[in-house]
Amino acid sequence: KKYNIKSPNFSSCRSLEGAIVAAERFGYPVMIKPADNRGSYGVNRADNSEDVIRYFYDALIQSHSRIVLVESFIAGRHITVDGFVFQGHGPKALAVATKDKLKEKNSIIDGEITYPGDLNQKLYSKALSTLENIATKFGFEFGFLHGEFIVTKDDEIFLTEIANRGGGVLTSEIIVPNVSKIDVNAVYLND
């Protein structure tokens with residue numbers, strides 16, 4: 001809020017009762033997810049209070065801090081933006097991916113990821129600059145960047161996660177260097 005960054009309303013919850021209150025306050029649907037994990041473990045959409053009850057403990061089990069986030073649902077397309085903070089030059093976004101959900105979720109793998117992202121050029125550029133602007137505002141000074149966003153039908157970009165780390169499996173090691181033509185691993189080791 002301090003930097004006027006678009007993101008879903010959320011509440012940190014340590015109890016089922018707190019999660020239900022937050023969900024009722026935001027209005028359904030909401031997302032129920034661990035505050036600190038990876039790869040969509042424990043992340044579910046709740047359409048009513050019964051869903052909150054069903055998904056709260058799944059998120060809690062996956063949360064290392066034992067904090068569950070209840071987040072207002074933003075309809076749109078999920079994208080990720082990866083980058084690097086170059087010494088003396090600041091944050092630079094290097095690759096955008098679009099994610100499409102599979103019709104049935106049979107495992108933790110619930111979608112298809114496409115690099116470079118399937119976005120028009122204007123929106124692709126907006127996604128790149130969004131990561132750079134947020135990383136600058138948050139004061140990231142070194143290393144990899146990984147941001148996750150929801151893009152609405154009106155091309156608004158909402159931040160759902162940003163971290164001063166590389167992306168998931170093989171993203172930083174293989175995909176970002178391939179898409180950007182920059183050996184970020186060599187830069188990282190040199191820095």
For this session: Enter the distance from Ile5:CD1 to Ile157:CD1 here, rounded to the nearest 0.5 Å.
Result: 12.5 Å

Problem set entry | Asp154 side-chain N/O to Glu156 backbone N/O, donor-acceptor pair under 3.5 Å | no

For this session: Quick one: do Phe86 and Asp191 satisfy side chain to side chain contact (heavy atoms under 4.5 Å, CB included)? Show the steps, please.
Result: CA-CA 9 Å; Phe86 293 93; Asp191 287 353; 5.7 Å; no

Exercise. Can you check whether Ala93's main-chain N or O pairs, donor with acceptor, with Glu132's side chain at less than 3.5 Å?
Worked result: yes

For this session: Under the side chain to side chain contact (heavy atoms under 4.5 Å, CB included) rule, what do Arg77 and Leu119 come out as? Steps first, then yes or no, please.
Result: CA-CA 10 Å; Arg77 191 167 193 194; Leu119 301 171; 4.3 Å; yes

Exercise. Side chain to side chain contact (heavy atoms under 4.5 Å, CB included) between Phe149 and Thr160: does it pass, once the steps are laid out?
Worked result: CA-CA 5 Å; Phe149 304 89; Thr160 59; 5.6 Å; no

For this session: Could you point out which residue of Thr80, Ile113, Asp82 forms a side-chain contact (heavy atoms from CB on, under 4.5 Å) with Thr171?
Result: Asp82

For this session: Verify the distance criterion only: is there a donor paired with an acceptor across the side chains of Gln87 and His89 at less than 3.5 Å?
Result: no

Exercise. Are Leu94 and Ile175 joined in one hydrophobic group, where the rule is that I, L, V, M, F, W and Y side chains link up if heavy atoms are under 4.5 Å apart?
Worked result: no

Seminar exercise, completed: Sorted by chain and number, sequence neighbours left out, ring pair (Phe, Tyr, Trp, His ring centres under 6.0 Å) with Phe144 holds for Phe84, Tyr188

Exercise. Heavy-atom distance under 4.5 Å between the side chains of Val52 and Leu16, does that happen here?
Worked result: yes

Exercise. Got a donor-acceptor contact below 3.5 angstrom from the Ser172 side chain to the Gly167 backbone?
Worked result: yes

Exercise. Shortest non-hydrogen contact from Ile79 to Ala127?
Worked result: CD1-CB, 3.7 Å

Exercise. Does one hydrophobic cluster hold both Leu60 and Val30, with members joined at side-chain heavy-atom distances below 4.5 Å?
Worked result: yes

Exercise. Out of curiosity, Glu71 CD to Ile74 CD1, how far, rounded to the nearest 0.5 Å?
Worked result: 8.0 Å

Seminar exercise, completed: OH (Tyr115) and OG1 (Thr98) are apart, to the nearest 0.5 Å, by 9.5 Å

For this session: Under the side chain to side chain donor-acceptor pair (under 3.5 Å) rule, collect the residues that match up with Glu173, sequence neighbours excluded.
Result: none

For this session: Could you tell me whether the side chain of Thr114 and the main chain of Gly117 form a donor-acceptor pair under 3.5 Å?
Result: no

For this session: Treating Ile, Leu, Val, Met, Phe, Trp and Tyr as nodes and any side-chain heavy-atom pair under 4.5 angstrom as an edge, say whether Tyr57 and Ile53 lie in one connected cluster.
Result: yes

Exercise. Are the side chain of Thr152 and the backbone N or O of Gly76 linked by a donor-acceptor pair below 3.5 Å?
Worked result: no

Exercise. For the side chain of Asn133 and the backbone of Ser129, is there at least one donor-acceptor N/O pair under 3.5 Å apart?
Worked result: yes

Exercise. Would you say Ile67 and Cys13 make side-chain contact, with heavy atoms under 4.5 Å?
Worked result: no

Exercise. Should Phe26 and Phe56 be regarded as members of a common hydrophobic cluster, given that ILVMFWY residues are connected when their side-chain heavy atoms come within less than 4.5 Å of each other, either directly or indirectly?
Worked result: yes

Seminar exercise, completed: Between Asn120 and Leu123, the two heavy atoms sitting closest are OD1-N, 2.8 Å

For this session: Assess the side chains of Asp51 and Asn44: does a donor N or O sit below 3.5 Å from an acceptor N or O?
Result: no

Exercise. Is Phe10 atom CZ crowded by more than 12 heavy atoms from other residues, nucleotides or ligands, each under 6.0 Å away?
Worked result: no

Problem set entry | Closest contact, heavy atoms only, Ser49 versus Glu24 | CB-OE2, 4.0 Å

For this session: Looking only at non-hydrogen atoms, find the nearest pair between Pro34 and Tyr41 and report the distance.
Result: CG-O, 3.2 Å

Exercise. Under 3.5 Å, side chain of Arg14 to main-chain N/O of Val68, donor-acceptor pair present?
Worked result: no

Problem set entry | Reported CD1-to-CD1 distance for the pair Ile134 and Ile162, which is rounded to 0.5 angstrom | 5.5 Å

For this session: Measure from the side-chain N and O atoms of Ser72 to the backbone N and O of Pro8, and report whether any donor-acceptor pair falls under 3.5 Å.
Result: no

Problem set entry | Heavy-atom check, side chain of Leu145 versus side chain of Val85, under 4.5 Å | yes

Problem set entry | Within one Ile-Leu-Val-Met-Phe-Trp-Tyr cluster: Ile182 and Leu189, side-chain cutoff 4.5 Å | no

Exercise. Looking at side-chain heavy atoms only, is the closest gap between Val70 and Val21 below 4.5 Å?
Worked result: no

Exercise. Are Asp36 and Ser63 close enough that a side-chain donor and a side-chain acceptor fall under 3.5 Å?
Worked result: yes

For this session: Indicate yes or no: at least one non-hydrogen side-chain atom of Val43 is less than 4.5 angstrom from one of Met31.
Result: yes

Exercise. Is the backbone N or O of Asp155 less than 3.5 Å from a side-chain atom of Lys126, with the two atoms forming a donor-acceptor pair by type?
Worked result: yes

Exercise. Out of curiosity, Lys99 NZ to Ile150 CD1, how far, rounded to the nearest 0.5 Å?
Worked result: 9.0 Å

Exercise. What residues form a side-chain contact (heavy atoms from CB on, under 4.5 Å) with Ile174, not counting sequence neighbours?
Worked result: Leu170

Seminar exercise, completed: One should read off an interatomic distance between Ile32 CD1 and Phe73 CZ, to the nearest 0.5 angstrom, of 12.5 Å

Exercise. What are the two closest heavy atoms between Ala95 and Leu128, and how far apart are they?
Worked result: N-CD2, 4.3 Å

Seminar exercise, completed: In terms of heavy-atom contacts, Phe158 and Ser7 come closest through CD2-N, 3.7 Å

